[in-house]
*Asks:* 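Before we start, here is the structure in question, set down as structure tokens.
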Amino acid sequence: MSEQLEAIKQLSEFVLKEDWAKVKTYLTDDLFYKVGSSEPKHGKEAVSDFLSMIFKTTAKLEGHDVRKIWEEPGMIAIEMDANYRLVKNNQMVKVACCDVYRMRGNQNYEWRVYADGSPLFQ
């Protein structure tokens, strides 16, 4: 496993634990974060605040079922189902998604999430 892929694995584990201080160590200060067609978020604080809010108000991420990983120098893409527990009724749902990470060293400077979020709002 490459150092960059290992960094993304660690980032994911800290997101699951909601350890935002450690999450931020894998993000650049000028991070560009975009989920689907929504407005982008800029910076590591904005991303951790956004994810924390989603986990408290909508659904808590509980894990991933990875299907495929593509890796090129400075870029990692992961196709997966993200497993969420809905806040409103505790029901588990799967969200099909593909995350694309662009890296500087072992830090993520661009994170795009292409996801079908409809299960979160049914």
Side-chain angles (χ1 to χ4, degrees):
M1 181 180 309
S2 74
E3 282 186 29
Q4 289 183 334
L5 185 55
E6 180 62 31
I8 294 303
K9 182 178 180 237
Q10 291 294 316
L11 168 64
S12 177
E13 289 175 10
F14 291 128
V15 168
L16 284 168
K17 293 176 184 174
E18 297 185 66
D19 186 338
W20 305 118
K22 288 201 173 132
V23 165
K24 291 175 197 175
T25 66
Y26 293 93
L27 308 174
T28 63
D29 290 334
D30 64 341
L31 175 72
F32 176 93
Y33 178 77
K34 186 166 172 62
V35 178
S37 298
S38 67
E39 287 298 312
K41 310 280 186 263
H42 299 279
K44 55 176 114 179
E45 291 293 332
V47 173
S48 61
D49 291 349
F50 172 76
L51 291 173
S52 178
M53 186 262 312
I54 291 294
F55 291 179
K56 287 180 180 135
T57 63
T58 307
K60 167 78 171 86
L61 181 63
E62 301 228 339
H64 305 96
D65 299 322
V66 174
R67 281 197 221 106
K68 177 78 175 165
I69 298 172
W70 295 268
E71 187 172 5
E72 295 183 18
M75 191 280 300
I76 295 167
I78 303 175
E79 177 190 12
M80 68 188 109
D81 285 327
N83 302 303
Y84 284 90
R85 184 171 302 279
L86 299 177
V87 170
K88 67 181 179 184
N89 61 12
N90 216 32
Q91 179 182 351
M92 288 297 297
V93 296
K94 287 189 180 287
V95 173
C97 62
C98 185
D99 285 18
V100 178
Y101 307 89
R102 288 188 168 66
M103 309 290 289
R104 275 189 219 122
N106 291 336
Q107 285 189 307
N108 183 4
Y109 73 87
E110 183 177 326
W111 182 357
R112 293 180 182 260
V113 179
Y114 299 98
D116 173 13
S118 60
L120 299 176
F121 303 102
Q122 293 180 358

*Asks:* Can you tell me if Glu62 and Asn83 form a side-chain donor-acceptor pair at under 3.5 Å?
*Replies:* no

*Asks:* What are the two closest non-hydrogen atoms of His42 and Ala46, and how far apart are they?
*Replies:* O-CB, 3.3 Å

*Asks:* Quick one: closest heavy-atom pair of Val15 and Val23, and the distance?
*Replies:* N-CG2, 3.6 Å

*Asks:* Does any part of the side chain of Tyr84, heavy atoms only, come nearer than 4.5 Å to the side chain of Leu61, both counted from C-beta?
*Replies:* yes

*Asks:* Same cluster for Leu5 and Leu11 if Ile/Leu/Val/Met/Phe/Trp/Tyr side chains link at under 4.5 Å?
*Replies:* yes

*Asks:* Working to the nearest 0.5 angstrom, can you tell me the gap between Ser48 OG and Lys41 NZ?
*Replies:* 12.0 Å

*Asks:* Under 4.0 Å between a Lys/Arg side-chain N and an Asp/Glu carboxylate O for Asp30 and Arg104?
*Replies:* yes

*Asks:* Do the ring planes of Trp20 and Phe55 sit parallel (below 30°), tilted (30 to 60°) or perpendicular (above 60°)?
*Replies:* tilted

*Asks:* Hydrophobic clusters join Ile, Leu, Val, Met, Phe, Trp and Tyr when side-chain heavy atoms are under 4.5 Å apart, directly or via other members; which others share one with Trp70?
*Replies:* none

*Asks:* Given Gln4 and Asn106, is the side-chain contact (heavy atoms from CB on, under 4.5 Å) satisfied, shown in steps?
*Replies:* CA-CA 5 Å; Gln4 289 183 334; Asn106 291 336; 3.7 Å; yes

*Asks:* With Arg102 as the cation and Tyr109 as the aromatic partner, state whether NZ or CZ is under 6.0 Å from the six-membered ring centre and within 45° of the axis.
*Replies:* no

*Asks:* Write down the atom of Ala96, the atom of Asp81, and the distance for their closest heavy-atom approach.
*Replies:* CA-OD1, 3.5 Å

*Asks:* So if you build clusters from Ile, Leu, Val, Met, Phe, Trp, Tyr with side-chain heavy-atom gaps below 4.5 Å, do Tyr26 and Phe50 land together?
*Replies:* yes

*Asks:* Provide the closest heavy-atom pair for Leu16 versus Gly63 in the form atom of the first, atom of the second, distance.
*Replies:* CD2-N, 3.4 Å

*Asks:* Salt bridge (Lys or Arg N to Asp or Glu O under 4.0 Å): which pairs involve residues 47-56, sequence neighbours left out?
*Replies:* none

*Asks:* Side chains of Thr25 and Phe14: closer than 4.5 Å at any heavy-atom pair?
*Replies:* no

*Asks:* With the side chain counted from C-beta on, respond yes when Arg85 and Asn90 share a heavy-atom pair under 4.5 Å apart, and no when they do not.
*Replies:* yes

*Asks:* Let me check something: do Val87 and Val93 share a hydrophobic cluster, defined by ILVMFWY side-chain heavy atoms less than 4.5 Å apart, either directly or through other members?
*Replies:* no

*Asks:* What I want to find out is whether Lys60 reaches Glu18 closely enough, with some N-O distance under 4.0 Å, to be called a salt bridge.
*Replies:* yes

*Asks:* Considering only heavy atoms from C-beta outward, does the side chain of Asn108 approach that of Leu27 to under 4.5 Å?
*Replies:* yes

*Asks:* Side-chain contact test, heavy atoms from C-beta onward, threshold under 4.5 Å: evaluate it for Asp65 versus Lys94 and give yes or no.
*Replies:* yes

*Asks:* Kindly say whether Tyr33 contributes a backbone atom to a donor-acceptor pair with the side chain of Glu110 at under 3.5 angstrom?
*Replies:* no

*Asks:* Starting from Met103, can I reach Ile69 by hopping between I/L/V/M/F/W/Y residues whose side chains sit under 4.5 Å apart?
*Replies:* yes

*Asks:* Taking the side chain as everything from C-beta on, heavy atoms only, tell me whether Val35 gets closer than 4.5 Å to Tyr114.
*Replies:* no

*Asks:* Closest heavy-atom contact between Leu31 and Lys44?
*Replies:* CB-N, 4.4 Å

*Asks:* How many angstroms lie between atom SG of Cys97 and atom NE2 of His64, to the nearest 0.5 angstrom?
*Replies:* 6.5 Å

*Asks:* Is the backbone N or O of Ile8 less than 3.5 Å from a side-chain atom of Ser12, with the two atoms forming a donor-acceptor pair by type?
*Replies:* no

*Asks:* Can you name the nearest heavy-atom pair linking Gln107 to Lys24, along with the distance?
*Replies:* NE2-O, 4.5 Å

*Asks:* Going by the salt bridge (Lys or Arg N to Asp or Glu O under 4.0 Å) test, which pairs reach into residues 6-15, not counting sequence neighbours?
*Replies:* Lys9-Glu13

*Asks:* Same cluster or not: Val100 versus Met80, using hydrophobic residues (I, L, V, M, F, W, Y) connected whenever any side-chain heavy atoms lie under 4.5 Å apart?
*Replies:* no

